[in-house]
Amino acid sequence: MSEQIETTLNPFNPLDDMNLDAAQGPDLIMRPIENCARFNLRISIEQLKKAAAAFGMDIPDSVGSMSSRAEKYALCLGPDEWLLLAPQKSADEIITRFAKLAKNNSHSLVDVSHRTIGIEISGSLAQLALSAGCPLDLENMQIGRCTRTILDKAEIILMKLEQQRYRLEVIRSFAPYVWSFLEKSGQDARA
Amino acid sequence: MLLIDCPYCKEMRPEVEFSHAGEAHIDRPADPSSLSDEEWESFLFLRSNRAGICFERWYHIHGCGRYFNAVRNNVSEKFILTYPAGQKRPSDAQIKGALS
């Protein structure tokens with residue numbers, strides 16, 4: 001019985017069943033990002049400094065900007081909405097610190113670690129592969145910008161890390177679809 | 001592709017990220033129980049439905065996740081002005097200014 005429960009509770013990654021090497025090459029490198037802690041933060045902009053202190057790094061206040069330090073990311077997705085990414089091991093500490101903050105500063109911090117799967121896409125074809133489904137002007141998107149947007153039929157969060165390196169946060173059930181879409185558009189770009 | 005100026009993102013963003021959300025500047029009656037059936041029907045269902053310049057709510061659902069208002073010509077599909085929700089309806093002069 002206990003064996004059965006353990007099997008049921010095994011974390012499941014929708015990309016595990018896929019052949020992830022099908023479209024890889026030096027011009028297009030895709031990799032799933034290791035599990036990390038993700039938090040959705042809603043707080044008023046006046047209290048943002050306190051949230052930044054609790055998170056342990058600067059949190060940007062203009063929509064579309066992003067800051068990062070030591071594997072931590074803070075993304076400003078909307079005028080009062082942030083996505084915080086951090087290594088799994090620091091999750092408990094972050095939750096404790098925000099719980100302390102909640103005593104005097106009302107805010108909402110929701111653990112959404114398992115809502116999305118991270119995918120990193122890089123190489124000289126990365127931008128072409130993304131542009132096949134994403135209507136944004138990726139060429140002129142500045143490095144260090146982030147946004148929620150659409151990739152073909154799926155909603156994604158897109159982060160531009162370098163000129164040819166992007167990180168996507170994809171809703172788990174859309175991950176196989178997004179992965180195969182990028183594989184296919186990457187192959188098309190190569191042809 | 002049609003680009004829409006999101007007043008929260010402060011950027012021109014592609015149309016597919018947005019969703020239309022009905023006519024703008026319709027206030028919910030403060031005391032619904034004092035209204036007649038006809039008045040309540042009017043609040044719920046009757047819209048101006050004009051051809052030409054109209055005031056609409058739009059939702060940047062696949063972006064910043066905010067509702068905002070837009071002045072749009074629904075014949076030519078041109079977005080004339082967009083502004084944050086809660087702001088007053090722009091005056092005729094402002095709309096004219098944005099058009100010229």
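Chain letters run A, B, ... following the sequence lines, proteins first, then strands; residues in each count from 1. Worth knowing before you read on, the calculation uses all heavy atoms, side chains too, and leaves out hydrogens, waters and symmetry mates. Here the structure is a predicted model, which means the values were calculated and not measured.
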K.L.:
Please confirm whether the backbone N or O of M57(A) pairs with a side-chain atom of K72(A), one donor and one acceptor, at under 3.5 Å?
P.N.:
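No, K72(A) side chain to M57(A) backbone: no donor-acceptor pair under 3.5 Å.
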K.L.:
Which heavy atom of G78(A) sits nearest a heavy atom of V63(A), and at what distance?
P.N.:
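Result for this residue pair: C-CG2, 3.6 Å.
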K.L.:
Identify the heavy atoms of R167(A) and Y73(A) that sit nearest to each other, and give their distance.
P.N.:
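Taking every non-hydrogen atom into account, NH1-CE1, 3.8 Å.
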K.L.:
Just wondering, are more than 12 heavy atoms of other shown residues or ligands nearer than 6.0 Å to CD in E71(A)?
P.N.:
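Incorrect, the count does not exceed 12.
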K.L.:
Would you mind checking which part of E11(B) comes under 4.5 Å of any heavy atom in chain A, side chain (CB onward), backbone (N, CA, C, O), both or neither?
P.N.:
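Answer is side chain: those atoms of E11(B) sit under 4.5 Å from chain A.
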K.L.:
For chain A, which residues from residues 93-100 of chain B lie under 4.5 Å away (heavy-atom distances)?
P.N.:
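Residues of residues 93-100 of chain B touching chain A at under 4.5 Å: none.
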K.L.:
When you measure from the side chain of N74(B) to the backbone N and O of G52(B), does any donor-acceptor pair fall under 3.5 Å?
P.N.:
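Checked: pair present.
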K.L.:
Is the distance between the ring centroids of H107(A) and F98(A) under 6.0 Å?
P.N.:
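Yes - the distance between ring centres of H107(A) and F98(A) falls below the 6.0 Å cut-off.
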K.L.:
Using side chain to side chain contact (heavy atoms under 4.5 Å, CB included) as the criterion, point out the one residue from L2(B), V71(B), L3(B) that pairs with F79(B).
P.N.:
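By the side chain to side chain contact (heavy atoms under 4.5 Å, CB included) criterion, F79(B) pairs with just one of L2(B), V71(B), L3(B): L2(B).
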K.L.:
What residues of residues 25-51 of chain B sit under 4.5 Å from chain A when you count only heavy atoms?
P.N.:
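Within residues 25-51 of chain B, near chain A: nothing under 4.5 Å.
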K.L.:
Between R89(B) and Y83(B), which heavy-atom pair has the shortest distance, and what is it?
P.N.:
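Minimum heavy-atom contact is CA-OH, 4.1 Å.
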K.L.:
Has the side chain of T82(B) got a donor or acceptor atom that lies under 3.5 Å from a matching backbone atom of D5(B)?
P.N.:
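Yes; at least one donor-acceptor contact below 3.5 Å.
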K.L.:
So for T149(A), is it side chain, backbone, both, or neither that comes closer than 4.5 Å to the heavy atoms of chain B?
P.N.:
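T149(A) touches chain B through backbone and side-chain heavy atoms alike.
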K.L.:
Any ion pair linking D80(A) and R66(B) (charged N to carboxylate O, less than 4.0 Å)?
P.N.:
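Looking at D80(A) together with R66(B), the answer is yes, because their closest N to O distance falls below 4.0 Å.
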